[in-house]
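Any value given below was found using the heavy atoms of this structure, including those in side chains, with hydrogens, waters and symmetry copies removed. Small disclaimer: the values here were computed from a predicted structure and weren't measured.
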Amino acid sequence: MELRDIEIFLTLAEELHFGRTADRLRVTTARVSQAIRKQERRIGAPLFDRTTRTVRLTPLGERLRRDLEVGYRQIMAGIDAATQVARGPSGTLTLGTIGPIAMEFGDVIELFEARHPGARLRHREIQPPAPFDLLRSGEVDVALLWLPVREPDLAVSPVVHTSPVMLMVSADHPYARRGSIRLEDLGECTVVSVRSTPAYMEETLAPFHTPSGRPVNRGPLVSTWQEVLSVVSSGQAAAGVAGDAARFYPWPSLAFVPISDAPPCRWGLVWRGAKESALIRAFVQTVVASRTPENP
């Protein structure tokens, strides 16, 4: 018996009405009648007693209904399970990004959503002075952060993006009109002080000492990216930033000066190791396979 004929038989056994069965299965009444007659011919006995007013299962039909029902449910459950595997993991994944960096990954996000139609991607903004807060609170599943990240509870992907390091200064800062500076020049600057960023991460963008050992002064304490922009544009302090910011914040009150001897800023995906899921793994695999330093 074909699967569609089993479905027709079980639906008719439930509805006991040819018209309602046809409507429910979106087929014609003739198709329902044809399927039932075919099975009755194959079995050699009636499965339903039909009159002009009623439709009832025969004892043989009732026995067949009981035998088929369990198997049909198992078959459909197996088909559903196989379909889910083919579609990949499903659910909602919350991606945390800093400022406009998500725009650099629009193509990868589209690729992930195309590969996994059962997945839904949401975005949350992460504040650079507190890069881990939303991850640890569970409000973000995966974060795109600058490296290194050396936290025992957090897992980190390989590098998926690199960007130059620049000094963001006010438009009237002495360095604003220079084509570039060197790390040693930071000894003449005051840079913002960030609230919760680990020192080893802060060092990537704003070292605490110049190569010769001179201290790099710290200025106003900031808690959000907006505060960084405000403090720098007002001339109170400078800030070490990834070069991506220069494209997205061309404010007249700001200038972005390359630091010629600074190592590039590297970016990776970060997630809570204890909360890793099939959805997180699928997203990380998609990004890592599509965006590497050699293929940014």
Side-chain angles (χ1 to χ4, degrees), residues 77-128 130-151 153-166 197 201 204-205 224-226 241-250 256 263-296:
I79 291 173
D80 288 343
T83 300
Q84 290 301 319
V85 171
R87 289 180 176 175
S90 61
T92 300
L93 182 78
T94 303
L95 172 66
T97 57
I98 294 172
I101 193 67
M103 298 177 70
E104 298 282 354
F105 285 78
D107 57 337
V108 181
I109 290 171
E110 289 180 4
L111 177 62
F112 172 74
E113 291 175 336
R115 287 181 175 177
H116 304 287
R120 177 171 173 255
L121 200 63
R122 294 190 305 193
H123 292 84
R124 287 290 304 274
E125 183 179 5
I126 289 178
Q127 297 298 336
F132 306 136
D133 285 7
L134 295 184
L135 268 176
R136 286 178 169 146
S137 69
E139 296 172 72
V140 160
D141 298 308
V142 181
L144 180 61
L145 299 175
W146 79 96
L147 304 177
V149 170
R150 303 178 189 135
E151 305 294 307
D153 60 320
L154 300 180
V156 184
S157 78
V159 175
V160 297
H161 181 64
T162 60
S163 48
V165 173
M166 295 185 172
T197 303
M201 289 184 75
T204 298
L205 298 174
T224 68
W225 174 242
Q226 188 60 46
V241 298
D244 307 274
R247 295 198 300 278
F248 297 106
Y249 294 93
F256 295 86
C265 180
R266 301 174 304 131
W267 297 78
L269 295 169
V270 183
W271 64 98
R272 290 170 293 165
K275 297 295 183 179
E276 183 173 307
S277 65
L279 192 57
I280 291 174
R281 286 193 296 272
F283 182 74
V284 172
Q285 289 167 1
T286 299
V287 176
V288 170
S290 304
R291 298 296 300 271
T292 66
E294 292 75 27
N295 184 30

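- Separating the CG atom in Asp141 from the CG atom in Leu134 is a distance of 11.0 Å, to the nearest 0.5 Å.
- Rounded to the nearest 0.5 Å, atoms CG (Leu147) and CH2 (Trp267) are 9.0 Å apart.
- The residue from Leu111, Leu95, Val160 that alone fulfils the side chain to side chain contact (heavy atoms under 4.5 Å, CB included) condition with Phe105 is Val160.
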Pair Phe283-Trp271, ring pair (Phe, Tyr, Trp, His ring centres under 6.0 Å): steps then yes or no: CA-CA 11 Å; Phe283 182 74; Trp271 64 98; 9.8 Å; no
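- Closest non-hydrogen pair, Ser163 versus Ala242, comes out as OG-CB, 3.5 Å.
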Walk me through it: do Leu144 and Ile98 pass the test side chain to side chain contact (heavy atoms under 4.5 Å, CB included)? CA-CA 7 Å; Leu144 180 61; Ile98 294 172; over 6 Å; no
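- For the salt bridge (Lys or Arg N to Asp or Glu O under 4.0 Å) test, residues two or more places apart in sequence or in another chain that qualify with Glu276 are Arg281.
- When all heavy atoms of Ser290 and Val108 are compared, the pair lying nearest together is CB-CG2, 4.1 Å.
- Looking at residues two or more places apart in sequence or on another chain, you find a salt bridge (Lys or Arg N to Asp or Glu O under 4.0 Å) between Arg124 and Glu139.
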Step by step, would you call Asp244 with His161 a side chain to side chain contact (heavy atoms under 4.5 Å, CB included)? CA-CA 11 Å; Asp244 307 274; His161 181 64; 3.1 Å; yes
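- Under a 3.5 Å cut-off, the side chain of Trp146 and the backbone N or O of Met201 do form a donor-acceptor pair.
- The shortest heavy-atom contact between Ala282 and Phe112 is C-CE1, 3.9 Å.
- Side-chain contact between His123 and Ile109 is present, with heavy atoms from C-beta onward closer than 4.5 Å.
- Formation of a donor-acceptor pair under 3.5 Å by the Thr204 side chain with backbone atoms of Cys265 is not found in this model.
- Rounding to the nearest 0.5 angstrom, the gap separating the CG atom in Leu121 from the NE2 atom in His116 is 11.0 Å.
- Separation of atoms CZ (Phe132) and CD1 (Ile126) is listed at 9.5 Å; rounding is to 0.5 Å.
- Counting heavy atoms from C-beta outward, Thr197 and Pro131 have side chains that approach closer than 4.5 Å.
- Under the rule for a salt bridge (Lys or Arg N to Asp or Glu O under 4.0 Å), the partners of Asp153 that lie at least two apart in sequence or sit in another chain are Arg136.
- Residues Leu279 and Ala119 come closest through the heavy atom pair CD1-CB, 3.6 Å.
- Heavy-atom minimum distance, Val140 versus Val142: CG1-O, 3.1 Å.
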